[in-house]
Structures are given as C-alpha cells and as structure tokens.
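Everything on this sheet refers to the single structure shown next.
Within every chain, numbering begins at 1; the chains are lettered A, B, ... in the order of the sequence lines, protein sequences first and strands thereafter. Only heavy atoms go into these numbers, but all of them, side chains included; no hydrogens, no water, no symmetry mates.
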Amino acid sequence: MATKPAGGPEPAPSAPQDFIRQIVAEDVRTGRLRSRVHTRFPPEPNGYLHIGHAKAICLDFGVAEEFGGLCNLRFDDTNPAKEEVEYVDAIRRDIHWLRFDWGDREFYASDYFERLYACAVTLIRTGKAYVDSLTADEIREYRGTLTEPGRESPYRNRPVDENLDLLERMRKGEFPDGTHVLRAKIDMSSPNINMRDPTLYRIRHAAHHRTGDLWCIYPTYDYAHPLSDAFEEITHSLCTLEFEDHRPLYDWVIAQLDFADPPQQIEFARLNLLYTVTSKRKLAQIVVDGRVSGWDDPRLPTLAGLRRRGYTPEAIRDFCQRIGIDKSEGVVDLALLEHCVREDLNARALRVMGILRPIKVVLVSYPEDEVEELEAVNNPEDASAGTRTVPFSRELYIDRDDFREVPPPKYHRLSPGAEVRLRYAYIIKCVEVVKDERGEIVELRCTHDSETKSGSGPQARRKVKGTIHWVSAKHAVPAEVRLYDRLFIAEQPGRDGSLLDELNPASLQVLTACRVEPSLAAASAGSRYQFERLGYFVVDPDSAPGRLVFNRTVTLRDTWAKIEQKQRGEVGD
RNA sequence: UGGGGCGUCGCCAAGUGGUAAGGCACGGGACUUUGAAUCCCGCAUUCGAAGGUUCGAAUCCUUCCGCCCCAGCCA
C-alpha cells in the first residue's frame, strides 16, 4: 500500500461535496464567522444510537475534520424524565467505536442551566418573555390551529417585575408541575406555530441524572439548543429536516441575546432504511416490549446491535458516505448496507470452514485411523494472512444444503453417483445414501480419489463442477450459530400503524448442532470470520470457553439461491 | 383549504442554462478448488406533469400534481 506523501491532509478527490459542505466551503472562503468551522453532535441521552445517528455523526465530525475544525459532543439533557446515564455511556462508546473523537469537548446542556437561567432573566427584562399561568390545555387552545391564528394569553402583559418574581419562585420550587411556564413573547398569529409564544421553561419536580435536585425548572429544546450552540461558538448547527420550521425560532432566541458570531442551522434529510426502523422512539418500543434481547440485539439497527451483529465501523462509515447528504427524504435499500460490510469483510476476514446443518460423510475408501493435516489459505485477498492447517480424516461433516438425493438442474454439489471436490482436500463420489427408519438421511458413504489431493501435483487438478466445505468429524468443535433475518416484514414498519404486528416471527434462527474447524476453538468474542461459501460470522459475547456462539453478520452473495428461486418460480404458476 | 420542505433509472445520488456522473440492485459473459471475490459488457433520447422564455432548459418563469414535516409544558 502506498502511503500518503507527508505534508498535511490533501483534499481527497472523492470527498463528498453535498450542499452542506458547499455552504461551509463558501463560508470559509468568504471569511464568514472568521472562517472557523465548529460543529456539534447533540444526542439526547434517552436511548441508544442507531444507524441514522451514524449518518449525522459522520456529517458533524466529518465536516469539522475536513475543514480543519472541531466537533463537540453535547448531550442534550434538558428533560430529566427521559434521560439516564446508561445512555450517555452507550452513546460515548458507540461514537468512539465509529472512530470519532471529541477530545475534551464533552458538554451537557445541563452544564448551562445557570447561564440559560440568566438569559431567561434578560429576556424578561427586555420584554421578550413572560410567565404564563394558563394550564397546558388552555395553552393548547390559545395556540390556534394550523389554519387559524392563536390568541394572546391573559398573562402575556404581566409587568417585568412580576415575571421576574414568578420565575424566581418557579426556580425555588414554590409551584407544582404545570402551574406556570416561561414563554417567549413573539407572535401568536404567526403562520409558523413554533413562533406562537413557544415555551422556554417548564416546572418539573424530577431528579436530573447530572444536576440531581438542584433544579425543578428545565429549559425546552427550542430554548436550550440555540443557546448551547451559541455558548460553544458553534458555526454550523446541522440537524434533520423536522427542525426546519424551528429555524426562525432558533435564530430569534440567539438574536435576542447579542452573540458575536451567531451559529447557522442547516437541515438535512434523516436516514430511512427498508425493513427496519431508525427512530429512537420505535426502537425503545421494541426493546421495552421485550421483542428483542436488548438495545444491542443483533437484529436492531442500533450501533450496539450492528456491532454485535459483526458490522465494522469502517463499513458503516463507508455506507454513510455512499448514501450522501441532501434534503430529499428517501428510503435506502438494505442491500447497500450489506454490500458495504461484505466489501470490508471480504478484504479482512479470515476464511474458515464451518458446518451449519451437519450430515455425516464416511469415506469408505479412506484408511480408518489416518489423519492428514491439509493446508488452507486464510484469506485469498490478503497473502499476508498466511495459511493454516486443517485436519482431514475418514469421517466428515458436510452441510445438508450440499447434498440432494434428486439434484435439480445445474446443481453442482453432491448427489448419488456425483463427484465434488472437498475444499483443500480430495474429490469424492457418493456411493450410498444411508437412511433411518423414518426415511431421513443420516449418512452418506463416499469414495475418494486419492490422486486428487489438493496441491499434490498436476493430476490433482482434475476439474469437477463443485467444491464444498467440510469438517473432520472427530476434530470438529461444536458451536451454536444464530442466523438473522430482517426484524420486520413490512418495508416501512410502523408507517401504517402497528409496529409490533409487523415484526418478522422468523427473524432469529438458532442452530445448536453446528460444527466448526478446530482452529476456531479459542476464538474470542468480536472476532470476525468468513465461513467459506456461507457468509461472515462474528463470535458473540455469549460465548464461553468450550461454548462457541456465532452470529451471522451477512450471507455471501448467493447466485445459486437465485437460480434455484428462478427454477421454483418456473415450476410453479 | 395556514406555514415549511421535497420530487433526476427499481433504490441512493451527481448535475447550479450547453446537450443526463457514480454507487447499489438487476441482466449477460470471462475467470474460479468459496455458485464468493475479481474482471468485462448492458441498464434514464430523459429529469413529477403541462405550458412558456431561450439558438439551447433537469437547470429560468408560470400553473398544476404528488409526498413529507409542524397545533408537546418531547427532542
């Protein structure tokens, strides 16, 4: 591999040039905001990060990096009812796993509660905010509708001193939840509902995961977010499309407080993926309802789930780069995500042989007690991965899929009288099918062609149509393998209501009688392999010494499956 | 029927008045001791629709159609 010439970062020729980067580049060029670039990733610690967040993380950190700027991690923890430390830890872990770093710039909106409060006092003093004592229901009524303007609250013109006094007493805890709120005084007849005197503070007698019982009033997102950005001197505040309507409010809040370099909010489309959900709310619903084993269930599109599934951070970053950034709301095909892992794992995963549904093969022509150590390539894509040795003996296991008593057209695998190559070993021929009283195939008796041992010379290179993988029965290691399918049967789960009804009942299949080659005996959790001809697998943390558990990350592309499906389609109607 | 957005190949996506990139998927072929990988080849006379401006329009104008978001003291 060629290394980059020294001399700083060169503009990658393939660097994305989406509309956001174009705006940032223009700002840098024209000297706006003193040509600084400082972004932030602002998760609320109320759930685990998912693949949609990865898109935002890659954008926020990516833009900063590309323009020589910085990106802060800021926890948007303004709602004590929903937020927990478990989530902040998980979020930190996941971002680091994606290989992004925020240095010492880990902030919390709750760090700013005192400053935020001071700003609120200023807003009252300048006549831009007031304490409203309407009930939540009344406020809703006064707000009007999408087509009708709202009405002003009777408390809207309270004197400044009274507002100041009330706010202070709210803070002191003199009032129960819901009795008062602080509102911005903007325009109750605005066509943009967000501008109809939005709530800035509400009373919540609840313990906060960081500030404990210090506060009983908490700022809302619309108030805390723009100010947090301004406090941190963020230049470009990137968020998703649903906040587009909030931008006038974002700008308004900042404008009232006189900041030298007001940040600019820019919105982009969130990620949607076919057959899955990228919504913390929906994910939480599945997790809380116990439909999966937890936030890191390998079927979930959470970063923790994808990690446990065997996805690599590189694959996810590649995916985020390929889907691009823009404002049109699309739905990305899962096939693209799968392509990204396959491409990454193809280059780096070590090849091994593993049998998912074993069927015994006895080589009647092979000596009883002989054992040969055959050489196998660890990764044909990477010579430096070297080779290993695999034991071969008279009794083997092959996969049930690789034998058909009545082979369909174009079937290249084993069937009565047919020959196949055993990978790295001999060509064998099936001479007898042994069944039990129920007619189930329990064993195949085969002969081997001793001239065809892999690598033993020109005569060994005889061609047969198929090559299959195998494992030596007495050397193989038992393992459990978990196969995953899409979690939902609906293309866009929850779109038409019932999320829980659209779960795929067959999303998890556990195979407990698997046999893998002995080199895997000491494989450690997180290690990724390609089981030849089957797919990519990762060792699950549920593994223990003597008890291997693998998760299938993704299958290999399977042309035969397509042919077979086509054949079935033609036979059918 | 208020406001804010979005509509380019099955999916994602370039394109910013000069004659439709790329990726995924798909189809065909080569190679193959992974039906994998790799490599070739094919895949939008057309840019939601209709008018208009222009020598020239996916790009400008007009009208229409479709989809998404907003009435939390959630974010």
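A:Thr559 has a side-chain polar atom (N or O) that falls below the 4.0 Å cut-off from OP1 or OP2 of B:rA36. Taking only side-chain nitrogens and oxygens, A:Arg204 comes nearer than 4.0 Å to OP1 or OP2 of B:rC74.
Using a 4.0 Å heavy-atom cutoff across all strands shown, A:Arg413 reaches at least one base atom of the nucleic acid. A:Tyr411 comes within contact range of at least one nucleobase, with a heavy-atom separation under 4.0 Å. In this structure, A:His412 reaches the bases: a heavy-atom distance under 4.0 Å links it to at least one base atom across the strands shown. Within the 4.0 angstrom heavy-atom criterion, base atoms lie near A:Gln22. No engagement by A:Val464 is indicated, since no non-hydrogen atom pair under 4.0 Å with the nucleic acid exists. Residue contacts for A:Ser328: at a heavy-atom cut-off of 4.0 Å it reaches the sugar-phosphate backbone alone, with no base atom in range.
Less than 4.0 Å separates RNA chain B from at least one heavy atom of each of the following residues of residues 376-387 of chain A: A:Pro380, A:Glu381.
Under the 3.5 Å distance criterion, with hydrogens and angles disregarded, a donor-acceptor pair is assigned to the side chains of A:Asp344 and A:Thr312. A donor and an acceptor atom, one from each side chain of A:Arg528 and A:Thr553, are nowhere located under 3.5 Å apart. Under the 3.5 Å distance criterion, with hydrogens and angles disregarded, a donor-acceptor pair is assigned to the side chains of A:Asp229 and A:Tyr250.
Checking B:rU33, B:rA75, B:rU34 against every side-chain atom of A:Tyr221, the shortest atom distance belongs to B:rA75. In the set B:rU33, B:rG5, B:rG3, the nucleotide with an atom closest to the side chain of A:Leu241 is B:rG5.
Ion pairing between A:Glu44 and A:Lys280 fails under the 4.0 Å rule for side-chain N and carboxylate O. With respect to A:Arg317 and A:Glu314, no salt bridge is recorded, no charged nitrogen being found less than 4.0 Å from a carboxylate O. Salt bridge present: A:Asp111 and A:Arg210 bring a charged side-chain N and a carboxylate O closer than 4.0 Å.
Using P as the reference atom, B:rC40 and B:rA25 are 16 Å apart when rounded to the nearest Å.
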